[in-house]
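In the text below, chain A, chain B and the rest are named by the order of the sequence lines, each starting its count at 1. Please read all numbers here as calculations on a predicted model, not as lab measurements.
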Number of protein chains: 2
Amino acid sequence: MNLKQLSLKLGLSQTTVSRALNGYPEVNEATRLRVERAAAQYQYRPSTRAKGLATGKALAIGHVIPISTRHEMVNPVFGDFIAGAGETYARNGYEMILSISDDAQEEQVYRGLKARRAVDGVVVHGPRIDDSRIRLLHEIGLPFVVHGRSSGVDLPYAWLDMNNRHAFQRATDFLLDLGHRRIGLVNGMEFMDFAHRRRDGYAMALLARGIPVDPAIMQSHEMTEVYGYQATRDMLAQDNPPTAFLYSSLVSAIGARRAVEEAGLVMGRDVSIITHDDDLSYLKNGGDIPIFTATRSSVRVAGAKVADMLLAAIADPDLPPQHILLEAELMVGRSTGPAPRKD
Amino acid sequence: MNLKQLSLKLGLSQTTVSRALNGYPEVNEATRLRVERAAAQYQYRPSTRAKGLATGKALAIGHVIPISTRHEMVNPVFGDFIAGAGETYARNGYEMILSISDDAQEEQVYRGLKARRAVDGVVVHGPRIDDSRIRLLHEIGLPFVVHGRSSGVDLPYAWLDMNNRHAFQRATDFLLDLGHRRIGLVNGMEFMDFAHRRRDGYAMALLARGIPVDPAIMQSHEMTEVYGYQATRDMLAQDNPPTAFLYSSLVSAIGARRAVEEAGLVMGRDVSIITHDDDLSYLKNGGDIPIFTATRSSVRVAGAKVADMLLAAIADPDLPPQHILLEAELMVGRSTGPAPRKD
DNA sequence: CGCAATTTTCAAAGCGCTTTGGATCAGGCG
DNA sequence: CGCCTGATCCAAAGCGCTTTGAAAATTGCG
């Protein structure tokens with residue numbers, strides 16, 4: 001069933017039917033009702049493509065998911081983010097289109113999206129320090145919102161970020177307050193902006209108390225379980241091992257627990273652990289009492305907000321770029337405790 | 001840059017330019033070259049929407065991601081599956097469009113996709129027993145491939161599935177061979193077809209050795225870490241606790257390890273654990289030596305194959321429905337060992 | 001060289017929608 | 001009654017592409 005057939009069936013012109021359905025005022029309320037009823041009856045839905053062609057809008061938002069080339073890894077956060085954003089799109093009649101891309105073709109993917117006029121805007125995932133995509137999108141004139149920020153970029157752009165620096169500063173302070181003086185950092189890849197900021201917050205907290213930042217107890221990698229395990233195991237085996245650790249992801253923290261237990265230590269007593277927690281639906285940090293003390297910020301909520309920002313920016317292109325900075329919540333769980341006394 | 005502008009610039013008709021770019025034979029090889037060069041120079045890419053309108057194809061594949069209403073959970077497997085499928089689509093000039101939907105609106109989402117002519121086909125995720133979506137898609141005539149199968153559906157349909165029954169039968173046999181006689185099952189929701197089949201395989205293996213299937217040591221739930229923990233803890237607290245467990249997901253198995261250690265037991269000695277492992281990129285089951293003994297089958301590979309099947313089915317609608325049954329690999333890790341002697 | 005057979009190119013229609021610029025119709029007013 | 005207004009409705013153009021049917025250019029061959 002298309003517009004023409006529907007209008008024929010109703011004995012009306014396509015114009016009138018189109019207007020009735022799109023809520024224009026120049027159509028009699030009675031006929032509008034008649035049209036709407038018929039549309040429902042015949043399950044008529046305008047073709048997105050035709051509508052897009054006619055209006056010049058794509059009615060679609062692109063998400064370009066970077067896949068780390070070396071590690072072939074998909075960010076586990078992705079599913080929940082998309083779930084948040086998807087609801088917003090559906091409510092507003094937008095489709096979500098996904099592209100997978102490794103770092104090498106990333107630019108081509110964005111250019112392609114623009115040239116094919118496939119989307120009205122895109123969400124930039126996993127921004128790196130001084131991320132070239134921001135300049136690129138500015139240049140080709142594709143509206144976008146960044147999930148995260150990119151240090152070093154001086155162009156204005158819209159973003160939603162979690163306050164990574166503050167979260168890790170606070171987490172570090174919390175450990176310092178518990179008496180820990182040697183705190184390991186098991187971070188994500190530090191060319192990723194979020195990891196860079198987290199490290200910053202960590203370092204700031206240490207320096208504020210006159211504690212030196214020691215590269216020997218700082219690691220940076222893709223945040224897998226195995227990495228969390230290895231990094232922790234290696235640091236615990238050092239001469240002057242940390243009594244506490246900070247993790248950038250619950251997944252790595254899980255690996256950490258494995259290492260701690262394998263070393264015959266008890267988490268929360270011999271070793272304290274704090275992790276960042278994206279509040280993923282399938283990886284809740286325990287029930288009422290968190291397993292790990294954590295800085296929590298829901299990535300699903302972030303997805304919904306980013307989608308809102310992008311749709312708003314598309315609706316009104318003159319709007320100045322919006323910024324949202326979410327604060328993580330510090331949840332005290334059972335993985336932290338006072339620093340063990342030195343005997 | 002659109003077709004018209006490009007053809008003007010070349011002094012050719014739109015027809016010729018279009019044909020040159022789409023590889024039709026009735027165009028001089030010299031002009032084709034000239035056209036292709038110009039297209040590259042001006043970064044010309046045909047508008048997907050216009051092309052779709054003209055050809056009647058959407059050049060897009062839909063993925064409808066079910067979100068469990070009660071648990072608001074996104075399947076963690078999803079990211080990797082999409083990564084596998086996405087590459088195939090990109091290579092073939094297709095877009096991937098994603099819709100989020102809870103169980104209640106699922107039917108409307110598929111109908112909408114069809115009515116709006118937004119996709120040429122869809123991938124059905126997370127099939128349930130006697131899944132109504134299969135009949136629906138047949139009815140509305142939207143090509144599809146199911147990732148998994150649906151017991152009880154008598155209509156023919158294309159699917160790719162992992163041999164769940166066999167995998168769990170084999171895993172159970174493995175434990176039985178180690179001397180275990182009391183084996184717990186920590187399964188996914190059993191209205192999900194895969195969980196149903198896994199339970200079947202488990203039960204068959206037990207019955208083949210004359211061991212009764214005991215509901216007291218079988219649980220079924222969304223496969224979260226917390227669930228794995230609680231189910232294991234509860235079963236271990238029973239009078240006649242299992243000496244071995246089977247898990248439907250690595251995530252739950254991680255929770256299991258937590259419960260085992262909390263109970264002061266040692267995994268692989270006091271308690272044996274086997275889990276299914278989807279080989280997710282961010283949740284590898286250890287390095288060379290698996291942490292958990294596991295039945296492994298890459299969901300990313302599954303994604304790529306499903307995409308291939310769907311594109312083939314769309315290209316040739318007369319093709320009979322294809323079926324692919326993948327066998328899981330049994331990886332022996334450090335979480336299993338001989339059944340502890342009864343003292 | 002001339003004519004038919006090919007090759008190469010093109011104008012125009014059509015895909016399903018929106019939107020512009022009128023038409024038509026009823027009602028109101030002098 | 002005639003004209004103007006506002007409310008309804010409509011025909012047709014246009015969005016950017018593909019594809020049909022035909023024209024123009026080239027080639028082959030006697």
For this session: For nucleotides 16-28 of chain C, just jot down a letter per nucleotide in 5' to 3' order: B, S or -, based on protein non-hydrogen atoms under 4.0 Å.
Result: BBBBBB-------
Seminar exercise, completed: Sorted by chain and number, sequence neighbours left out, side-chain contact (heavy atoms from CB on, under 4.5 Å) with Ala38(A) holds for Leu6(A), Leu10(A), Tyr42(A)
Exercise. What pairs with Ala85(A) under side-chain contact (heavy atoms from CB on, under 4.5 Å), at least two apart in sequence or on another chain?
Worked result: His63(A), Tyr89(A), Ala307(A)
Problem set entry | Set of residues satisfying side-chain contact (heavy atoms from CB on, under 4.5 Å) with respect to Gln5(B), sequence neighbours excluded | Met1(B), Asn2(B)
For this session: Return each pair, listed once, that meets salt bridge (charged side-chain N to carboxylate O under 4.0 Å, His left out) where at least one residue sits in residues 301-325 of chain B; pairs must be two or more places apart or across chains.
Result: none
Seminar exercise, completed: As a check of understanding: the bend across the helix from dC1(C)-dG30(D) to dG30(C)-dC1(D), end axes from five pairs, rounded to 10 degrees, works out to 60°
Exercise. Any salt bridge (charged side-chain N to carboxylate O under 4.0 Å, His left out) pairs touching residues 91-101 of chain B, not counting sequence neighbours?
Worked result: Arg116(A)-Glu95(B)
Between the protein and nucleotides 5-8 of chain D, which nitrogen or oxygen pairs come in under 3.5 angstrom?
none

Exercise. For Lys57(A) and dG14(D), what is the distance between atoms NZ and P respectively, to the nearest whole Å?
Worked result: 22 Å
Seminar exercise, completed: For Arg37(B), the side-chain contact (heavy atoms from CB on, under 4.5 Å) test, sequence neighbours excluded, returns Leu33(B)
For this session: Sorted by first residue and then second, give each salt bridge (charged side-chain N to carboxylate O under 4.0 Å, His left out) pair with at least one member in residues 2-20 of chain A; sequence neighbours left out.
Result: none
For this session: Tell me, please, which residues at least two apart from Arg300(B) pass side chain to side chain donor-acceptor pair (under 3.5 Å).
Result: Glu72(A), Glu87(B)
Return all side-chain donor-acceptor pairs below 3.5 angstrom for residues 139-152 of chain B, not counting sequence neighbours, or 'none' if the list is empty.
{"unit_1": "Arg149(B)", "atom_1": "NE", "unit_2": "Asp161(B)", "atom_2": "OD2", "d": "2.9"}
{"unit_1": "Arg149(B)", "atom_1": "NH2", "unit_2": "Asp161(B)", "atom_2": "OD2", "d": "3.4"}
{"unit_1": "Ser150(B)", "atom_1": "OG", "unit_2": "Arg128(B)", "atom_2": "O", "d": "2.8"}
{"unit_1": "Ser150(B)", "atom_1": "OG", "unit_2": "Asp130(B)", "atom_2": "N", "d": "3.1"}
{"unit_1": "Ser150(B)", "atom_1": "OG", "unit_2": "Asp131(B)", "atom_2": "N", "d": "2.8"}
{"unit_1": "Ser151(B)", "atom_1": "OG", "unit_2": "Asp193(B)", "atom_2": "OD1", "d": "2.6"}
{"unit_1": "Ser151(B)", "atom_1": "OG", "unit_2": "Arg197(B)", "atom_2": "NH2", "d": "3.3"}

Exercise. Between Thr15(A) and Ser18(A), is a side chain to side chain donor-acceptor pair (under 3.5 Å) present by the stated rule, with each step listed?
Worked result: CA-CA 5 Å; Thr15(A) 310; Ser18(A) 170; over 6 Å; no
